[in-house]
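These values consider heavy atoms only, across backbone and side chains, with no hydrogens, waters or symmetry-generated copies. For reference, positions follow the sequence shown, starting with 1.
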Amino acid sequence: MPLYDWTLSVEIFCLILILILILNYYEKWMDSMPTSRLYQCCLWLSMVTVLVNIICVFTINMAQTIPLWVNLALNTLYFLLVVGLSTVIGYYLLYLITEHMYEKRYLRRGGVFQAALFLIYAAVLVYNLFSGVIFYFDDTFHYQRGPLINLGYVIMAMQLLRVVVCTLRNRCNVNAPIQRMMRILPPTILLLTIYQITYPDVLFNGTIIVSADLLLLLNFQSRRVEVDSLTCINNRSSFYHELSIRLAGGQQFQVLVVSLKQFTFINQHYGHPQGDNLLYSIAYWLAKVHKSGKAFRVGNVDFALMLPYTGMVAGEEYLKKVSSRFREVWPVGGSQVLLSARVAELIHTDQDWSPTEALEFLQYSLTLADAREDKVSPFDRSLFLHLERRRHILELVRKAIEKQSLQVWYQPVYRCHNGSFCAAEALLRLRDEDGTMVPTDLLISLAEQCGLLDDLTWLVLEEVCRFLGSGQAPWLESISINLSMQQFLSNELVDRLTGCLERHQVPPQRLKIEITERVLAEDIWQVRSTIQVLTDLGIRFYLDDFGVGYSNLSSVLKLPFSCIKLDHSLIAGFPAERSAASIVSSMLDVFHGMGFQVVTEGVETAEQAQALIAQGADWIQGYYYARPMPQDQLIPFLAGQAQKV
């Protein structure tokens with residue numbers, strides 16, 4: 001068999017496969033992406049290379065009937081295209097490897113290395129026209145291989161080796177799909193190349209090319225699931241991966257999160273198609289803010305922009321640029337609209353953060369932006385330290401729940417008509433490792449945000465019932481506990497309350513439940529139903545913190561409260577300030593007229609206590625009479641006060 005008598009069936013099949021890949025891959029919206037353009041270049045160059053190879057087989061077989069220069073030119077072009085394709089694929093891989101790195105020296109150096117090898121091989125091909133060191137045609141016009149016929153494989157192996165070395169050096173900055181591809185691609189190409197060299201009479205270069213293209217396509221398919229279908233930018237999953245890679249690589253970057261508010265108005269007024277177009281416009285604008293920046297859609301109307309951080313001045317400039325743009329109008333359906341947006345910032349330099357911690361900080365910053373007039377929350381290390389403190393407290397709460405080590409303190413309540421302390425309010429207390437008391441408001445707020453309030457409430461209920469059932473404080477007629485909306489929405493509330501009372505043999509009348517006006521505002525019908533069931537069982541309810549927020553007297557009239565607790569903010573200026581004195585006096589008259597008893601909270605001076613007693617207050621709770629105290633201090637306190645009465 002002559003050396004040039006190759007079969008073309010495999011090459012033609014590979015050509016068809018490449019054409020299918022080109023048709024399948026083409027998506028107009030991805031044309032602007034550098035990785036897309038590089039991959040398309042790989043596909044088209046692959047098709048041209050295989051096509052030229054097929055043509056070369058025909059011309060070699062017709063060498064005696066066509067000019068020699070045609071064969072020399074076509075075969076030289078083929079060898080040049082093979083190494084050229086390897087050069088483009090190598091650069092494409094380097095681009096993917098360094099895609100998550102702001103420092104591009106590896107890409108530049110790798111690109112120069114790939115190009116230099118290609119130029120060296122091109123020079124050898126030119127020299128081959130006169131020497132035949134790679135291939136030549138003998139006197140009988142038969143195609144012959146030269147001594148350097150495998151030089152192209154050596155060049156391609158060196159290019160691939162450079163890519164592998166770059167991957168290993170920067171593995172912390174390379175995402176999982178690329179790492180997986182780099183574990184598969186080199187050995188696959190190596191084995192196919194060895195097969196081609198071992199069996200030179202079999203045309204197998206097309207198979208090698210198609211295998212490389214398919215592996216690259218698989219990588220692209222995995223990347224497409226990280227693209228938002230509406231805005232054509234990266235999605236939330238992609239943002240998390242990008243954040244993880246850059247944190248793992250210790251890179252410096254800036255993240256700006258934009259959260260749109262009241263976007264429902266846009267959809268309702270202009271229609272969902274126009275709303276979608278606006279979201280696309282926002283995404284497009286964010287993607288153009290910085291040539292090295294990446295835009296992400298991380299929620300329905302939430303976007304993130306990740307930029308290289310080059311210093312405070314540049315960082316402030318980009319924050320100002322983004323926040324200023326969202327104070328300007330956007331075109332929607334032929335009109336101009338002004339969007340309401342919050343902007344939060346995160347800057348990573350050398351902090352040891354996990355992706356979860358970084359996301360938590362961004363979410364916390366968005367919350368803080370709501371309270372600012374300009375709706376912008378710039379990065380502040382003190383804020384991050386504050387968040388760290390919150391996270392630390394939350395971890396303490398979780399451990400305390402697990403070990404049931406939370407403390408329940410009690411604040412005695414003074415009964416005005418006989419001067420006794422026969423009631424108390426149960427309050428949660430938690431100490432830090434250094435013995436510092438965690439602020440109760442922060443403790444409750446964090447527990448509510450993280451879904452731990454239920455656990456805390458049941459711990460308090462259990463401890464209060466245990467204490468009441470122990471008989472250690474016979475002077476206490478009742479203890480009140482606080483319940484939130486989470487408890488009132490729980491189907492097991494009634495069973496847990498009654499079960500705990502029965503377990504510790506505590507009469508229902510000795511347990512009081514305090515709820516706030518905010519709970520009433522959540523779902524007054526659900527609250528009314530639950531209160532009625534528990535009231536029928538003998539448990540009484542207090543309306544806590546009256547005067548803050550909701551303050552709907554009609555709701556109070558509809559619910560069977562036995563007592564109203566006036567918030568300490570109403571007592572703060574009493575009785576010195578005329579307005580405060582008038583409000584407190586009116587509240588006492590109104591609620592007494594409605595048949596409610598009244599507890600006044602936050603009483604800290606003798607003047608306040610005497611004035612409230614004179615105004616007819618039923619109960620007084622505050623530091624003037626007693627501060628919250630643990631059980632071992634409460635018992636002797638109550639015993640001592642009982643002796644005075």
For [X] and [Y], which heavy atoms make the closest approach, and how far apart are they?
X	Y	result
L260	D302	N-OD1, 4.0 Å
Q254	G315	NE2-O, 2.9 Å
T349	Q351	N-OE1, 2.7 Å
I620	A609	CD1-O, 3.8 Å
G469	V506	N-CG2, 3.7 Å
A617	L588	CA-CD2, 4.0 Å

> For the residue pair F596 and F561, is the inter-centroid distance of their aromatic rings smaller than 6.0 Å?
Replying inline: no
> When the ring centroid of F467 is compared with that of Y410, is the distance short of 6.0 Å?
Replying inline: yes
> So V376 and L319, side chain to side chain contact (heavy atoms under 4.5 Å, CB included) or not? Walk me through it.
Replying inline: CA-CA 9 Å; V376 178; L319 175 61; 3.9 Å; yes
> Pick from L428, V408, L406, V464: which one makes a side-chain contact (heavy atoms from CB on, under 4.5 Å) with L459?
Replying inline: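 Between L459 and the candidates, side-chain contact (heavy atoms from CB on, under 4.5 Å) is satisfied uniquely by L406.
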>> I'd like to know whether L305 forms a side chain to side chain contact (heavy atoms under 4.5 Å, CB included) with V255, so could you lay out the CA-CA distance, the side-chain angles of the two residues, the decisive distance to 0.1 Å, and finally the verdict.
In response: CA-CA 6 Å; L305 177 63; V255 177; over 6 Å; no
Between [X] and [Y], is any side-chain donor less than 3.5 angstrom from a side-chain acceptor?
X	Y	answer
Q251	R246	yes
T516	D545	no
S585	Q615	yes
D618	H592	yes
H392	D432	yes
N235	S238	no
R510	S478	no
E462	H504	yes
Q597	R415	no
S569	D567	yes
T436	R431	no
E607	T605	no

Side-chain ion pair, [X] and [Y], N-O less than 4.0 Å:
X	Y	result
E402	K399	no
E604	R627	no
R342	D370	yes

Pairwise side-chain contact, [X] with [Y], heavy-atom cut-off 4.5 Å (strictly under):
X	Y	value
N482	I513	no
D544	E601	yes
Q509	R540	no
L278	I266	yes
I564	V599	no
L497	L493	yes
Y624	Q608	no
T440	L430	no

[atom1] of [X]: more than 12 outside heavy atoms within 6.0 angstrom?
X	atom1	answer
Q505	CD	no
D632	CG	yes
D352	CG	no

> Could you walk me through whether S562 and Y542 pass the side chain to side chain contact (heavy atoms under 4.5 Å, CB included) check?
Replying inline: CA-CA 6 Å; S562 62; Y542 292 175; 3.6 Å; yes
>> Is the terminal nitrogen or CZ of R236 (NZ for Lys, CZ for Arg) located under 6.0 angstrom from the six-membered ring centre of F239 and within 45° of that ring's axis?
In response: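 Not flagged: R236 not positioned over aromatic ring of F239.
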>> Could you walk me through whether F421 and Y414 satisfy the ring pair (Phe, Tyr, Trp, His ring centres under 6.0 Å) test, starting with their C-alpha distance in whole Å, then the side-chain angles of each, then the deciding distance to 0.1 Å, before giving a yes or no?
In response: CA-CA 5 Å; F421 292 89; Y414 180 77; 5.3 Å; yes
> Once the angle between the rings of F253 and H348 is folded into 0 to 90°, is it parallel (under 30°), tilted (30 to 60°) or perpendicular (over 60°)?
Replying inline: parallel
>> Which label fits F361 and W353: parallel for a plane angle under 30°, tilted from 30 to 60°, or perpendicular past 60°?
In response: parallel
>> Set out, in order, the CA-CA distance, both residues' side-chain angles and the distance that settles side chain to side chain donor-acceptor pair (under 3.5 Å) for D228 and T231, then state yes or no.
In response: CA-CA 6 Å; D228 179 59; T231 60; 2.6 Å; yes
>> Would I539 and L501 count as a side chain to side chain contact (heavy atoms under 4.5 Å, CB included) here? Give the steps.
In response: CA-CA 10 Å; I539 298 174; L501 290 171; 3.9 Å; yes
> Among K512, Q411, E514, which residue meets the side chain to side chain donor-acceptor pair (under 3.5 Å) test with S480?
Replying inline: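 Checked K512, Q411, E514 against S480; only one passes side chain to side chain donor-acceptor pair (under 3.5 Å): E514.
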